[in-house]
Amino acid sequence: MQYFEQKGNSLLFRENGETVMLTPWGENSLRVRSVILGDITEDSAALLPPAQTESSIETEEMRASITNGKIRAELVVQPWGKNLQISFYNQKGELLLQEIPNGNALCLRPRFFKALPGGGYQLKATFVSDPAEKIYGMGQYQQEALNLKGYNLELAHRNSQASIPFYISSLGYGFLWHNAAVGEVHFGANTTEWIAQSTRQLDYWITANDTPALIERAYAEATGKTPMMPEYGLGFWQCKLRYYNQQQVLDIAHEYKRRGIPLDMLVIDYYHWPRCGDWRFDEEYFPDPRAMIDELHSMGIETMVSIWPQVDWRSENYEEMKQQGLLVKINSGIDVQMVFHGNNVFMDATNPRTRRYVWEKCRKNYADLGVRTFWLDEAEPEFTTYEYENYRYHAGPVVETGNIYPREYARLFYEGQKEMGQDNIVNLIRCAWAGSQRYGALVWSGDIMSTYEDFRKQICAGIHMGLSGIPWWTTDIGGFHGGQTADEDFRELLVRWFQFGAFCPVMRLHGCRQPVRTIINKAGEVRENTGADNEIWSFGEEAYPILVKFINLREQMRDYTRSLMEQAHKTGDPVLRALFYEFPEDPVCWEIRDSYLFGPDILVAPVCHEKAVSRRVYLPAGASWTDARTGESLPGGQWIEANAPLDTLPVYLREGRQSYLIGKL
């Protein structure tokens, strides 16, 4: 029997209709693919073509191995059923990850393809679980959790949920489930199970290295790195739901200038258009958008405009897009995919012709007027019912390809802007998948509630997103839903969130503040509401000077923040980092979920419980730490009780670096 063969630098296994291929894919990394009754495809959902590396392959009748730098895969044909089991080891010979054995009489299969009508398969890939392993990354899930061991996760996008199937293991490897299908993952104590509802091929990528940072950088090489953040991404961004007319936008900008408060970006939210899918300003409320944008530019303020991928049946573009096949389709029934101010369907971002069509509209109506940054909302996309089997993209059924949508949405604008000659592109977007970062995606955490519980969840989400290869991430400061501008408890929450926002990759104030006001146009049609005031002078006399202080603090950090963005661009390092990213040898750092590092030098401990005026903070071992508020030097490897009155938060400087911050908080 010849189960194994070498093909180029790849190792192949064949048995009973299954073909398995292991290929070096970047330094210290392997790509694993498997098909039933077919040929391995070279299609890539997210991985970029790899740099060439030398592999070492050894074959025997019943076993084989392939080594690429610091990772080695051993393949064994099990005698009962001739099933293949793959095990991965590091350069020290330590086991990293292993497929389940067949269990002898149990006849288990680590790669189980269940045939579906139409030719695809439901796929389950199962690995042995090490109960002591810790798992981090996987995108953004709304839960107050750092170590994901024991968690069940949906591999699908929702409003405020971004499924990015890459994780870093405490055992010293990174793993990408290279499959855009809707599915599930179960990080159980006995097994880890990856499930794709519908797919044609098993495909995953695994890398090994000595530190989380080296693993993260390998993933960035494999899937892409961010552009360089433009200068206007380093300061403060003002937003609300919603500035509904041109004069309101200009009045807010002038008020910031009158008060001498730095402002880099002013954001015009959704329904500034006549209908979803028109992708232009409504002339009733924005009679001269070019003049508005020019005036903002004259004040040194960039303009961001919201884009929705929905197309209302009444839109001026609907009939043409329908006729041209540029829209997402429902498999059966009437094409209504979201009901909001009308019947809406989604433009199909996976279709290259759609991307060209939509960009031409947005170029003419926004970019040619001077808009350089777009807010790509509804990017999951937000189907009214998340019954993914109902929908079909140009790329294929949503259950099979659906998770690429937000990345292709980001790609639509990135490629259009690049074609116009724009460099250093950043666009705000509500969702992401593997590779989104290379298209200038700044992900925010969606329509979250204005509560301390949600605030704490965002700290975890930011850490996980950084480890998932998304260095640019932010939140709606203060939360999106439920904030009463005049409520003292909400004002406290907003101040605490604002302090956190000053130490996020992008600092952006947004929310649907209560009470809202109804807008009715000249034709008598009810338009989208506008919320209560959401500027930094809107939350009372106690809050105002604190918010101004933290905007000015953000300005003082501009050189440092720029250096972090350059690191992200060159290496893939997160801006917002888990403590263990810099201190992997300290076991306590692998457990901390409510503080983090802003780059390598600044430890931030947000105050994220109601009425709290102090909190416990862990200072990692392996460095000394300077209290940024007092200048006191403290040894690492200890817990401290830090005072935190409302006007400040605990911040510590590694080895006294960034000393210009001392006394500024």
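Remember, predicted model here, so these are calculated numbers, not experimental data.
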*Leu653 and Leu603: CA distance, side-chain angles, deciding distance, side chain to side chain contact (heavy atoms under 4.5 Å, CB included) verdict*: CA-CA 6 Å; Leu653 310 178; Leu603 192 157; over 6 Å; no
*Could you walk me through whether Leu97 and Ile206 pass the side chain to side chain contact (heavy atoms under 4.5 Å, CB included) test, one step at a time?*
CA-CA 9 Å; Leu97 184 66; Ile206 182 169; 4.0 Å; yes
*Kindly indicate, with the supporting measurements, whether the criterion side chain to side chain contact (heavy atoms under 4.5 Å, CB included) is fulfilled by Leu296 and Glu302.*
CA-CA 7 Å; Leu296 291 171; Glu302 288 292 327; over 6 Å; no
*Assess whether salt bridge (Lys or Arg N to Asp or Glu O under 4.0 Å) is satisfied between Arg217 and Glu221, documenting all intermediate values.*
CA-CA 6 Å; Arg217 291 166 190 170; Glu221 290 290 340; over 6 Å; no
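Side-chain polar atoms of Thr485 and Gln514 form no donor-acceptor pair below 3.5 angstrom. Side-chain contact of His254 with Glu295: a donor-acceptor pair under 3.5 Å is present, judged by distance alone. There is a side-chain donor-acceptor pair under 3.5 Å between Glu655 and Ser624. Side-chain N/O atoms of Lys70 and Asn209 include a donor and acceptor closer than 3.5 Å. Counting only N and O atoms by type, the side chains of Gln161 and Glu154 include a donor and acceptor under 3.5 Å apart. Neither side chain, Thr475 nor Gln458, offers a donor N or O lying under 3.5 Å from an acceptor on the other. For the residue pair Tyr256/Gln238, the side-chain donor-acceptor check at 3.5 Å is satisfied.
Trp639 carries Arg616 over the face of its six-membered ring, with the cationic atom under 6.0 Å from the centre and within 45° of the normal. Under a cutoff of 6.0 Å and an axis angle of 45°, Arg491 and Trp497 do not form a cation-pi pair. The cationic atom of Arg513 (NZ for Lys, CZ for Arg) does not lie both less than 6.0 Å from the six-membered ring centre of Phe539 and within 45° of the ring axis.
Under the 6.0 Å cut-off for aromatic ring centres, Tyr136 and Trp590 qualify, their centroids lying closer than that. Centroid-to-centroid, the aromatic rings of His464 and Trp473 stay 6.0 Å apart or farther. Taking the six-membered ring for Trp, Phe583 and Trp625 have ring centres closer than 6.0 Å. Centroid-to-centroid, the aromatic rings of Phe236 and Phe498 come within less than 6.0 Å.
Salt bridge status for Glu453 with Lys457: present, with a side-chain N to carboxylate O gap under 4.0 Å. Salt-bridge annotation for Lys149 and Glu133: present, with a side-chain N of the basic residue lying under 4.0 Å from a carboxylate O of the acidic one. The pair Arg558-Asp264 counts as a salt bridge, with a side-chain nitrogen and a carboxylate oxygen less than 4.0 angstrom apart. Salt-bridge check for Arg456 with Glu144: passed, with a basic side-chain N closer than 4.0 Å to an acidic carboxylate O. Salt bridge status for Glu255 with Arg259: present, with a side-chain N to carboxylate O gap under 4.0 Å.
To the nearest 0.5 angstrom, Arg158 atom CZ is 11.0 Å from Ser163 atom OG. In this structure, Ile301 CD1 and Leu263 CG are separated by 4.5 Å, a value rounded to the nearest 0.5 Å.
Judged by distance alone, with hydrogens and angles left aside, the side-chain atoms of Asn147 form no donor-acceptor pair with the main-chain N or O of Lys134 at under 3.5 Å. Looking only at distances, no side-chain donor or acceptor of Thr207 sits under 3.5 Å from a matching main-chain atom of Ala218. Using a distance-only test at 3.5 Å, with no hydrogens or angles considered, a donor-acceptor pair links the side chain of Arg496 to the main chain of Ala612. Judged by distance alone, with hydrogens and angles left aside, the side-chain atoms of Gln248 form a donor-acceptor pair with the main-chain N or O of Tyr244 at under 3.5 Å. Remark: the backbone N or O of Met507 is not paired with any side-chain donor or acceptor of Thr474 at under 3.5 angstrom. Side chain of Thr648 to main chain of Leu665: a donor-acceptor pair is present (N/O by atom type, distance under 3.5 Å, no hydrogens or angles). With hydrogens and angles ignored, the 3.5 Å screen pairs no side-chain donor or acceptor of Gln484 with any backbone N or O of Gly482. At least one donor-acceptor pair closer than 3.5 Å links the side chain of Gln140 to the backbone N or O of Ser160. A donor-acceptor distance shorter than 3.5 angstrom exists from the side chain of Ser450 to the backbone of His481, with no hydrogens or angles considered. Without hydrogens or angle criteria, Arg554 side chain to Leu234 main chain gives a donor-acceptor distance under 3.5 Å.
Heavy-atom neighbours of Glu585 CD from other residues, nucleotides or ligands within 6.0 Å: at or below the threshold of 12. Atom NZ of Lys257 has more than 12 heavy atoms from other residues, nucleotides or ligands within 6.0 Å. Shown here is Glu535, whose CD atom has more than 12 heavy atoms of other residues, nucleotides or ligands within 6.0 Å.
Evaluated for a ring pair (Phe, Tyr, Trp, His ring centres under 6.0 Å) with Tyr167, the options Tyr151, Tyr173, Tyr219, Trp177 yield exactly one hit, Tyr173. Screening Thr626, Leu634, Leu597 against Tyr652 for a side chain to side chain contact (heavy atoms under 4.5 Å, CB included) leaves a single residue, Leu634.
Proximity of Asp269 to Lys240: side-chain heavy atoms (C-beta onward) are nowhere separated by under 4.5 Å. By the 4.5 Å heavy-atom criterion applied to side chains, Val613 and Leu646 are not counted as neighbours.
Using bins of under 30°, 30° to 60° and over 60° for the plane-to-plane angle, the ring pair Tyr414/Tyr439 lands in the perpendicular bin. Ring orientation note: the planes of Trp205 and Phe166 are tilted relative to one another, at an angle of 30° to 60°. In this structure, Trp375 and Trp444 have perpendicular ring planes: the angle between them is above 60°, well past the 30° mark. Note on ring orientation: taking the six-membered ring where Trp is involved, the planes of Phe503 and Phe550 are perpendicular (angle over 60°, cut-offs 30° and 60°).
Within the structure, salt bridge (charged side-chain N to carboxylate O under 4.0 Å, His left out) contacts touching residues 432-449 (residues at least two apart or in different chains) are Arg430-Asp447.
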